[in-house]
2 protein chains.
Amino acid sequence: MKSRNTVQRQLVHETVGRLADHPTAEEVYNCLHEDHPNISKGTVYRNLGYLSENGELRRIAVPGSADRFDHHTIPHYHIQCVCCGMFCDIDTPYLSQIDAKVEQATGFSCEKHDIVFQGVCPACKEKSE
Amino acid sequence: MKSRNTVQRQLVHETVGRLADHPTAEEVYNCLHEDHPNISKGTVYRNLGYLSENGELRRIAVPGSADRFDHHTIPHYHIQCVCCGMFCDIDTPYLSQIDAKVEQATGFSCEKHDIVFQGVCPACKEKSE
DNA sequence: ATTCATGCAAACAATTTGCACGATC
DNA sequence: GATCGTGCAAATTGTTTGCATGAAT
């Protein structure tokens, strides 16, 4: 369990922070590839996985499309526009009590949950009229 | 927008009902393929898609694995065991009020949401001790 | 020196699509 | 008989993996 401090790992971490707005693995790779043309896609995936496992990033599973990564690790929810794909944070309190309710109802243990709401963003609502 | 009442479409619908426990497209195909060896996988996918769009089935996007389909269309949540993959319904009230809160917070319109909790099932908890 | 991580390409899983043929309206 | 759906195979997308080489400890 000795983890190494490689240049690539730092770059991946940094890039998710720099891109700020929940990039996909692909987006991280593309951005990184500009300045560091010989970084490999496998390495980007491996490091995104590693960093998420270790709580340095948060993996967001998006229904119907590629996972996204968030450098903001405090629990919060997201919403995505079903028309244009716009993806953003929601400024709403995290429902920490529902994990406990779920544990009671199921007998599972459950420490966290994620919600990606699907809706129509203001811009797309306007367009459709 | 004229939709046709094909044998295959009915079979797909029926099979999701018969398999009851949230089958994946693959599972629906396998089951269906036994009695109807010349149904195609593309058709299964197309019909699962069609039926979900039209509210006759519910598509459940499962983080990290294939989508599942539920013939039980009343909103409810699901939980999956991160060890063994066991997937089941949760008997907990649906939080219908949070869509409204999200609409307020974001300006999006949002009529529904889905949650797949991730946890450790009782059997796996025991095994790990 | 050891061992863990990288780069590359190939493998993979889930799903979608193009197209000629067949079924339904 | 018009058109929508099917079967099949090939294409796509997102992601993982095997392996020889290279870097960090």
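Just so it is clear, the structure is predicted and the values come from calculations on it, not from any experiment. Side-chain atoms are counted along with the backbone in the values below, which use heavy atoms only and exclude waters and symmetry mates. Order of the sequence lines sets the chain letters (A, B, ...), proteins ahead of strands, with each chain counted from 1.
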Undergrad: How many Å lie between OH on B/Tyr45 and P on C/dT17, as a whole number?
TA: 13 Å

Undergrad: Who pairs with A/His13 by ring pair (Phe, Tyr, Trp, His ring centres under 6.0 Å), at least two apart in sequence or on another chain?
TA: none

Undergrad: Which residues pass the ring pair (Phe, Tyr, Trp, His ring centres under 6.0 Å) test with A/Tyr45, not counting sequence neighbours?
TA: none

Undergrad: In this structure, how many angstroms lie between the P atom of D/dG5 and the CG atom of B/Asn47, rounded?
TA: 9 Å

Undergrad: Give me the distances for all protein-to-nucleotides 1-3 of chain C N/O pairs that come in under 3.5 Å?
TA:
| residue | atom | partner | partner atom | Å |
| --- | --- | --- | --- | --- |
| C/dT3 | O2 | A/Arg4 | NH1 | 2.8 |
| C/dT3 | O2 | A/Arg4 | NH2 | 2.4 |

Undergrad: Does A/Asn5 put a side-chain nitrogen or oxygen below 4.0 Å from OP1 or OP2 of C/dA5?
TA: no

Undergrad: Please work out which residues in residues 48-67 of chain B have a non-hydrogen atom less than 4.0 Å from an atom of DNA chain C and list them by number.
TA: B/Ala66, B/Asp67

Undergrad: Donor-acceptor pair, distance only, cut-off 3.5 Å: does the side chain of A/Arg68 make one with the backbone of A/Val62?
TA: no

Undergrad: What distance do B/Gln8 atom CD and B/Asn47 atom CG have between them, rounded to the nearest 0.5 Å?
TA: 7.5 Å

Undergrad: Per the end-axis method with five pairs at each terminus, what is the bend angle of the helix from C/dA1-D/dT25 to C/dC25-D/dG1, to 10°?
TA: 30°

Undergrad: Kindly give the heavy-atom pair with the smallest separation between B/Phe117 and B/Ile90, and that separation in Å.
TA: CD1-CD1, 3.5 Å

Undergrad: Report all side-chain donor-acceptor pairs from residues 100-110 of chain A shorter than 3.5 Å, counting only partners two or more places apart or in another chain.
TA:
| residue | atom | partner | partner atom | Å |
| --- | --- | --- | --- | --- |
| A/Glu103 | OE2 | A/Cys110 | N | 2.6 |
| A/Thr106 | OG1 | A/Val102 | O | 2.8 |
| A/Thr106 | OG1 | A/Phe108 | N | 3.1 |

Undergrad: Taking B/Glu27 for its side chain and B/Thr24 for its backbone only, find out whether a donor-acceptor pair lies under 3.5 Å.
TA: yes

Undergrad: Linking Ile, Leu, Val, Met, Phe, Trp and Tyr through side-chain heavy atoms less than 4.5 Å apart, which residues share a cluster with B/Val120?
TA: B/Val82

Undergrad: Report the residues that fulfil salt bridge (Lys or Arg N to Asp or Glu O under 4.0 Å) with A/Asp114, sequence neighbours left out, ordered by chain and then residue number.
TA: A/Arg58

Undergrad: Tell me which residues in residues 7-36 of chain A put a heavy atom below 4.0 Å from DNA chain C, sorted by number, or none.
TA: A/Gln8, A/Arg9

Undergrad: May I ask you to verify if any side-chain N or O of A/Thr6 is less than 4.0 angstrom from the OP1 or OP2 atom of C/dC4?
TA: no

Undergrad: Can you sort out the partners of A/Arg46 under salt bridge (Lys or Arg N to Asp or Glu O under 4.0 Å), two or more places apart, ordered by chain and number?
TA: none

Undergrad: Please give, in whole Å, the distance from C/dC19 C1' to B/Arg46 CZ?
TA: 11 Å

Undergrad: May I ask you to verify if any side-chain N or O of B/Thr43 is less than 4.0 angstrom from the OP1 or OP2 atom of D/dG5?
TA: no

Undergrad: Quick one: pull up NE2 in A/His33 and NZ in A/Lys41 and give me the separation to the nearest 0.5 Å.
TA: 9.5 Å

Undergrad: If you check the A/Lys41 side chain, which of C/dA5, C/dG7, D/dT15 turns out closest?
TA: D/dT15

Undergrad: Any donor and acceptor pair, going by atom type alone, linking the side chain of A/Gln80 with main-chain N or O of A/Phe87 inside 3.5 Å?
TA: no

Undergrad: Hey, which of B/Asp91, B/Asp70, B/Thr92 is the one that makes side chain to side chain donor-acceptor pair (under 3.5 Å) with B/His76?
TA: B/Asp70

Undergrad: With rounding to the nearest 0.5 angstrom, report the NZ to SG distance, B/Lys125 to B/Cys81.
TA: 10.0 Å

Undergrad: Rounded to the nearest angstrom, tell me the gap between atom CG in A/Asn38 and atom P in C/dC8.
TA: 7 Å

Undergrad: For B/Gln97, I'd like to know if atom CD has over 12 heavy atoms of other residues, nucleotides or ligands within 6.0 Å.
TA: yes

Undergrad: Which residues satisfy the ring pair (Phe, Tyr, Trp, His ring centres under 6.0 Å) test with B/Tyr50, sequence neighbours excluded?
TA: none

Undergrad: List every contact pair, protein side and nucleotides 9-11 of chain C side both N or O, where the distance is under 3.5 Å.
TA:
none

